Amino acid sequence: MDRYEQVTELARRRGYMWPAFELYGGAAGFYDYGPLGARLKRRIEDTWRSFFVVREGFSEIDCPTIGVEEIFKASGHLSGFSDPLTECKECKEIYRADHLIKHIIEVPDALSDQEIYRVIQDNDVGCPECGGRLSEVYEFNLMFRTAIGPGNKYPGYLRPETAQGMFINFQRLLRYHRDALPFGAVQIGRSYRNEISPRQGVIRLREFTQAEAEVFIDPRDKTHPRFCEVEELILTLYSRQGQEMGQTERMTIGEAVDKGIIAHQMLAYYVARTYQFLRAAGVAEDRLRFRQHKADEMAHYAADCWDAEVLLDRLGWIEVVGVADRTDYDLRSHMAQSQANLKVFVNYKQPERRRVVRIKPDMKALGPRFKGQAKAVAQALQAMDPADLKESGESVTVHVDGQKLFIEANLIAVEEVEEEVRGEEIVPHVIEPSFGIDRIIYSVLEHAYREEMVDEESRIVLGLLPGIAPVDVAVLPLMDREELTGPACQIVDEFRRMGMIVDYDTSGSIGRRYRRNDEVGTPFCVTVDYETLEEGTVTIRDRDSMKQIRVGVQALGETISALIGKRMTLDEASAALSQGS
RNA sequence: GCGCCGAUAGUGUAGCGGUUAUCACUAGGCGUUGCCAACGCCUAAACUCGGGUUCGAAUCCCGAUCGGCGCACCA
């Protein structure tokens with residue numbers, strides 16, 4: 001049994017996660033989070049919030065998971081997210097139809113499915129495997145399609161990423177941020193991709209949770225004001241160059257930027273924060289690296305892209321986060337699709353005086369002559385180069401609505417004015433750290449899992465970090481007797497009032513209960529025994545070291561809370577208490 | 001989507017045409033038990049689904065679903 005199996009078995013057995021719809025035979029690519037898993041997920045998401053919403057000051061929004069068609073036309077998911085497929089009628093092999101005619105047509109991407117099929121037929125293209133006849137070409141799109149309202153007139157799509165929510169709300173977000181760059185918006189939520197063949201448990205899902213941040217920045221300045229906070233951090237980098245040699249390097253963030261390995265501070269800063277977040281969630285240092293996208297795997301618009309990859313036992317290195325400089329691609333796409341202005345007006349430090357050449361059509365003359373077309377004519381004239389205009393002599397030719405129009409030069413004034421320019425409109429660039437929450441959850445579980453021998457018995461421990469582990473503390477009466485369960489219940493009550501998640505367990509021997517809590521990852525157990533009645537003390541038992549310390553009941557809540565919050569170690573707690581007594 | 005392999009209590013399993021469906025762990029109850037999976041007694045709990053062959057199917061056949069591996073796919 002390998003580690004993947006051990007972890008998924010434990011996860012299923014103990015209520016972390018399991019395949020969804022089991023009652024009805026299941027459906028590939030869907031998972032449920034059980035009682036512990038849902039809590040772990042929430043805690044990981046909250047840790048993410050503490051990094052990106054609290055510490056970076058980004059604004060969290062929450063958008064519909066269904067989107068209208070225009071969004072995905074603009075984002076490219078409608079065209080680029082689907083492939084034309086064809087199937088061999090003999091051997092049932094599936095092929096990318098456009099790939100089969102590459103040698104015949106130079107740009108098969110430009111053809112429709114019917115056109116591709118016609119090329120296949122005209123050129124007698126057969127199955128590369130068996131030579132059999134190929135089926136008609138059909139589109140397989142990775143988006144789930146649905147209908148908004150009755151009928152099929154108004155298609156909707158389940159979003160394939162949360163990012164579009166931030167892009168299409170850019171104007172409102174900009175306004176909310178008082179019209180100034182930089183600012184960040186984030187969203188944690190479900191996304192959907194109708195994968196052809198989901199596998200590997202929670203690693204490739206059809207419905208999954210993303211946490212994405214879109215940081216809108218001024219493209220002319222990709223430094224980060226808080227870069228000094230992270231420049232000393234040492235990360236394992238697997239750069240483009242390193243990949244050619246198959247070598248990773250340990251390097252500070254500052255050095256990586258200085259050497260030009262990471263494109264700029266802005267990107268490097270979020271790579272560093274990503275590292276810190278993953279460590280805080282419980283990803284192991286020695287099973288984490290940052291891999292740079294090679295030029296050919298990066299989206300064409302991206303300037304640079306680094307994936308956080310996690311080493312898993314069976315699956316190898318798996319991408320859990322992507323941090324990309326997406327430049328102005330997304331905003332420009334939505335500008336083109338929506339005709340809205342998604343630019344930011346940026347003031348210059350000093351207003352500049354500039355001589356500007358203005359083209360002024362004589363609207364008094366053009367209006368009556370062209371009527372409804374007049375506006376378009378004026379725009380066409382103003383779009384011309386003033387230099388060309390001057391050289392064009394008696395009349396100027398413009399094309400409007402496919403018509404060729406001649407306009408006398410004396411109806412067009414070209415004047416040079418000096419004006420004050422206070423700033424300019426720019427399209428922000430976007431830095432996008434995008435996190436796959438489900439993959440992170442699985443990685444955290446696998447990295448936390450260990451088996452160790454204790455007195456010739458093997459012990460399974462989920463070494464989840466305190467604060468991340470779904471149960472904060474277990475309260476265990478040594479025996480299931482009223483004189484012990486009474487005080488124990490009071491302790492449970494106190495912990496709960498303090499906001500902790502508590503497990504209370506009286507069943508079986510104390511050793512069995514310790515092991516059970518080890519297996520689900522509860523970091524601390526509090527045991528109520530007969531000394532509790534006599535001395536007013538309880539023991540705190542540490543999951544990882546199995547050490548115990550005795551603590552007075554009155555200091556218990558504070559001590560446990562400090563241990564979970566990592567404001568105190570077990571040794572410090574022990575020392576403080578022995579000093580106090 | 002294709003090919004190969006598999007699917008039995010919560011978990012891991014035995015079974016190879018006729019069994020009360022095996023065993024262990026787990027879980028629950030009672031007793032016992034004074035800190036690391038103790039013990040005794042009792043209890044609960046399963047043949048993935050649908051069709052077929054047969055007097056009779058967990059077992060053989062077909063299909064579906066799910067899972068593993070390989071191929072393909074993976075903005």
Side-chain angles (χ1 to χ4, degrees), chain A residues 1-2 4-6 8-15 18-30 34 72 75-83 85-88 90-96 99 127-130 135 138 140-143 160-161 163-164 191 193-201 203-206 297-302 305 314 319 322 324 326 329-330 434 454-461 476-481 484 507-519 525-533 538-543 545-548 550:
Chain A
M1 202 156 71
D2 65 12
Y4 174 83
E5 238 175 306
Q6 291 170 319
T8 49
E9 194 236 295
L10 184 146
R12 205 172 337 141
R13 197 158 38 83
R14 291 304 201 171
W18 52 70
F21 321 129
E22 275 182 307
L23 187 62
Y24 293 110
F30 298 96
F72 306 112
S75 70
H77 286 103
L78 259 178
S79 52
F81 216 53
S82 75
D83 298 319
L85 299 182
T86 182
E87 182 181 330
C88 171
E90 312 295 326
C91 70
K92 303 293 175 198
E93 190 63 62
I94 305 277
Y95 299 97
R96 281 282 295 271
H99 288 180
C127 170
E129 285 292 315
C130 72
S135 76
Y138 59 95
F140 186 83
N141 190 282
L142 254 33
M143 278 194 297
E161 59 176 21
Q164 297 305 324
S191 294
R193 295 176 192 184
N194 202 359
E195 298 282 353
I196 297 173
S197 121
R199 293 236 181 119
Q200 307 172 319
I203 300 302
R204 191 114 149 261
L205 292 170
R206 290 192 165 119
E297 73 182 299
M298 204 156 53
H300 63 274
Y301 49 82
C305 184
R314 183 194 290 186
E319 172 194 351
R326 300 179 61 101
Y329 174 81
D330 304 278
S434 169
V454 178
D455 300 331
E456 292 174 35
E457 297 263 20
S458 87
R459 166 175 101 120
I460 294 172
V461 186
L476 314 172
L478 189 61
M479 315 281 292
D480 188 10
R481 286 185 189 151
L484 297 179
S507 73
S509 74
I510 188 68
R512 177 185 292 275
R513 283 177 277 162
Y514 285 152
R515 293 302 163 86
R516 194 154 41 199
N517 277 287
D518 290 341
E519 202 182 48
C525 293
V526 167
T527 306
V528 174
D529 56 20
Y530 285 93
E531 279 181 59
T532 311
L533 306 182
V538 295
T539 62
I540 297 175
R541 182 256 192 192
D542 175 54
R543 175 195 67 204
S545 63
M546 295 169 61
K547 274 199 226 157
Q548 296 191 14
R550 284 208 84 86

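Just so you know, these numbers use all the heavy atoms, side chains as well, and skip hydrogens, waters and symmetry mates. Within every chain, numbering begins at 1; the chains are lettered A, B, ... in the order of the sequence lines, protein sequences first and strands thereafter. This one's a predicted model, so the numbers in the text were calculated from it and none came from an experiment.
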Participant: With P as the reference atom in both, quote the distance from A9(B) to U22(B) in angstrom, rounded to an integer.
Facilitator: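 The same atom, P, in both gives a distance of 14 Å.
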Participant: Verify, without hydrogens or angle tests, whether R513(A) (side chain) and S507(A) (backbone) share a donor-acceptor contact under 3.5 angstrom.
Facilitator: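 Side chain of R513(A) to backbone of S507(A), a donor-acceptor pair under 3.5 Å: yes, one is there.
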Participant: Rounded to the nearest Å, what distance is computed from the CZ atom of residue R516(A) to the P atom of nucleotide G28(B)?
Facilitator: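 About 6 Å, once rounded to whole Å.
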Participant: Heavy atoms under 4.0 Å, any strand shown: does R459(A) hit a base, just sugar-phosphate, or nothing?
Facilitator: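 Result for R459(A) = nothing.
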Participant: Rounding to an integer number of angstrom, what distance separates A44(B) and A57(B) when you compare their P atoms?
Facilitator: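 A44(B) and A57(B) have their P atoms separated by 27 Å.
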Participant: Which nucleotide sits closest to the side chain of R199(A): C36(B), G34(B), C2(B)?
Facilitator: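 So the side chain of R199(A) is nearest to C2(B).
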Participant: With both distances under 3.5 Å as the test, what is the Watson-Crick or G-U wobble partner of C16(B)?
Facilitator: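 C16(B) is paired with nothing.
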Participant: Quick check on U33(B): is either OP1 or OP2 less than 4.0 Å from any side-chain nitrogen or oxygen of S509(A)?
Facilitator: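 The answer is no; no side-chain N or O of S509(A) sits under 4.0 Å from OP1 or OP2.
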Participant: R204(A) side chain: which of C74(B), G68(B), A37(B) is closest?
Facilitator: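 Of the candidates, C74(B) comes closest.
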Participant: How long is the line joining CD of E457(A) and C1' of A38(B), in whole Å?
Facilitator: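 In whole Å, A38(B) C1' lies 10 Å from E457(A) CD.
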Participant: Does R12(A) place a side-chain N or O at less than 4.0 Å from the phosphate oxygens OP1/OP2 of G12(B)?
Facilitator: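 For G12(B), OP1/OP2 do have a side-chain N/O of R12(A) under 4.0 Å.
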Participant: Would you indicate what S75(A) reaches in the nucleic acid, counting non-hydrogen atoms under 4.0 angstrom: base, sugar-phosphate, or nothing?
Facilitator: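 Nothing: the residue S75(A), judged by heavy atoms under 4.0 Å, touches no strand.
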Participant: Return no unless some side-chain N or O of Y4(A) is found under 4.0 Å from OP1 or OP2 of G68(B).
Facilitator: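 Looking at the OP1 and OP2 atoms of G68(B), one of them is under 4.0 Å from a side-chain N or O of Y4(A).
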Participant: Assess R541(A) against Y514(A): is NZ or CZ under 6.0 Å from the centre of the six-membered ring, and within 45 degrees of the ring's axis?
Facilitator: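 Because its charged atom sits under 6.0 Å from the ring centre and within 45° of the axis, R541(A) does stack over Y514(A).
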Participant: Between A27(B) and G10(B), how many Å separate the two P atoms, rounded to a whole number?
Facilitator: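 Approximately 15 Å lies between the P atom of A27(B) and that of G10(B).
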Participant: Between P on U26(B) and CZ on R14(A), what's the gap in Å once rounded to a whole number?
Facilitator: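 Atom CZ in R14(A) sits about 10 Å away from atom P in U26(B).
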Participant: What is the base-pairing partner of G50(B), counting Watson-Crick and G-U wobble geometry with both distances under 3.5 Å?
Facilitator: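 Its partner is C62(B) (Watson-Crick or G-U wobble, both distances under 3.5 Å).
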Participant: Specify the separation, in whole Å, of atom CD of E22(A) and atom C1' of A46(B).
Facilitator: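 My rounded result for the distance is 14 Å.
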Participant: Can you find a donor-acceptor N/O pair under 3.5 angstrom joining the side chain of Q548(A) to the base of C35(B)?
Facilitator: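 Side chain to base: pair present.
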Participant: Take atom CG of L205(A) and atom P of G67(B), then tell me their distance rounded to the nearest Å.
Facilitator: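 Between P of G67(B) and CG of L205(A): 10 Å.
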Participant: For L142(A) and A72(B), give me the distance from atom CG to atom C1', rounded to whole Å.
Facilitator: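 After rounding, the reported distance stands at 13 Å.
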Participant: Do V528(A) and T539(A) make a side-chain contact, defined as non-hydrogen atoms from C-beta onward lying under 4.5 Å apart?
Facilitator: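 V528(A) does not reach T539(A) side chain to side chain.
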Participant: Can you tell if the side chain of E195(A) reaches within under 4.5 Å of the side chain of R204(A), non-hydrogen atoms only?
Facilitator: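 They are in contact (side-chain heavy atoms under 4.5 Å apart), so the answer is yes.
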Participant: Between C47(B) and U20(B), how far apart are the two C1' atoms, rounded to whole Å?
Facilitator: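 Their C1' atoms lie roughly 15 Å apart.
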Participant: Partner lookup for C36(B), please. Criteria are Watson-Crick or G-U wobble with both distances under 3.5 angstrom; report none if nothing qualifies.
Facilitator: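 In the structure as shown, C36(B) has no Watson-Crick or wobble partner.
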Participant: Can you find a donor-acceptor N/O pair under 3.5 angstrom joining the side chain of R13(A) to the base of G12(B)?
Facilitator: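 Under the 3.5 Å cut-off, the side chain and the base do not form any donor-acceptor pair.
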Participant: Whole-Å distance between C35(B) C1' and R515(A) CZ?
Facilitator: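 These atoms are roughly 11 Å apart.
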Participant: What distance, rounded to whole Å, do you find between the two C1' atoms, one in U19(B) and one in G6(B)?
Facilitator: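 Those two atoms are separated by 25 Å.
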Participant: Between R512(A) and U33(B), is there a contact of a side-chain N or O with OP1 or OP2 at under 4.0 Å?
Facilitator: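 No.
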Participant: Looking only at the side chain of R550(A) (C-beta and beyond, no hydrogens), which of the listed nucleotides G34(B), G28(B), C35(B) gets closest?
Facilitator: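 Taking heavy atoms from C-beta onward, the closest nucleotide is C35(B).
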Participant: Applying the salt bridge (charged side-chain N to carboxylate O under 4.0 Å, His left out) criterion to E519(A), which one of R512(A), R14(A), R543(A) satisfies it?
Facilitator: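 That would be R14(A).
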Participant: Between R206(A) (side chain only) and A28(A) (backbone N and O only), is there a donor and an acceptor less than 3.5 Å apart?
Facilitator: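 Yes, the answer is positive, given that a donor and an acceptor are paired below the 3.5 Å cut-off.
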Participant: In terms of side-chain heavy atoms of M479(A), which of G34(B), A27(B), G67(B) is nearest?
Facilitator: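 Comparing G34(B), A27(B), G67(B) against the side chain of M479(A), the answer is G34(B).
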Participant: Apply the side-chain contact (heavy atoms from CB on, under 4.5 Å) test between L476(A) and each candidate in V526(A), L484(A), N517(A); give the one that qualifies.
Facilitator: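 Running side-chain contact (heavy atoms from CB on, under 4.5 Å) over V526(A), L484(A), N517(A) with L476(A) returns exactly one hit, N517(A).
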Participant: Determine the Euclidean distance between corresponding C1' atoms of G28(B) and C36(B); express it in Å to zero decimal places.
Facilitator: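 The answer is 23 Å between these two C1' atoms.
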Participant: Once you round it to whole Å, what is the distance between C1' of A9(B) and CG of L23(A)?
Facilitator: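 My rounded result for the distance is 16 Å.
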Participant: Among U26(B), G12(B), C35(B), which nucleotide has an atom closest to any side-chain atom of I510(A)?
Facilitator: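 Comparing U26(B), G12(B), C35(B) against the side chain of I510(A), the answer is C35(B).
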Participant: Side chain of Y514(A), base of C35(B): donor and acceptor closer than 3.5 Å?
Facilitator: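 Answer is yes: a donor-acceptor pair is held.
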Participant: Strictly below 4.0 Å: does R513(A) bring a side-chain N or O up to OP1 or OP2 of U26(B)?
Facilitator: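 No, R513(A) has no side-chain N/O under 4.0 Å of OP1/OP2 on U26(B).
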Participant: Are OP1 or OP2 of G68(B) and a side-chain N or O of R314(A) less than 4.0 angstrom apart?
Facilitator: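 Checking R314(A) against G68(B): no side-chain N or O falls below 4.0 Å of OP1 or OP2.
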Participant: Looking only at atom P, what distance separates C23(B) and G15(B), rounded to whole Å?
Facilitator: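 To the nearest whole Å, 14 Å.
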Participant: Could you identify the nucleotide paired to A57(B), looking across every strand shown and requiring Watson-Crick or G-U wobble geometry with both distances under 3.5 Å?
Facilitator: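 Looking at the geometry, A57(B) pairs with no nucleotide.
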Participant: Check for a donor-acceptor pair, side chain of D529(A) on one end and backbone N or O of E531(A) on the other, with a separation under 3.5 Å.
Facilitator: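 Yes, because the side chain of D529(A) sits within donor-acceptor range (under 3.5 Å) of the backbone of E531(A).
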Participant: Say we look at U53(B) and C61(B): how far apart would their C1' atoms be, to the nearest angstrom?
Facilitator: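 To the nearest whole Å, 7 Å.
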Participant: Judged by each residue's nearest nucleotide on RNA chain B, which is more toward the 5′ side, Q200(A) or D455(A)?
Facilitator: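 Nearest-nucleotide comparison on RNA chain B picks D455(A).
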Participant: Taking for each residue the nucleotide of RNA chain B with the nearest heavy atom, is it V538(A) or G201(A) whose nucleotide lies nearer the 5' end?
Facilitator: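 Counting from the 5' end, the first nearest nucleotide belongs to V538(A).
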Participant: Searching all strands shown, indicate the nucleotide that pairs with A27(B) (Watson-Crick or G-U wobble; both distances under 3.5 Å).
Facilitator: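 Pairing partner: U43(B).
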Participant: Do P477(A) and M479(A) come close enough that some side-chain heavy atom pair is under 4.5 Å?
Facilitator: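 P477(A) vs M479(A): side chains apart.
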Participant: Among C36(B), U26(B), G34(B), which is the nearest nucleotide to the side chain of V454(A)?
Facilitator: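 Comparing C36(B), U26(B), G34(B) against the side chain of V454(A), the answer is C36(B).
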Participant: Searching all strands shown, indicate the nucleotide that pairs with C4(B) (Watson-Crick or G-U wobble; both distances under 3.5 Å).
Facilitator: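 Its partner is G68(B).
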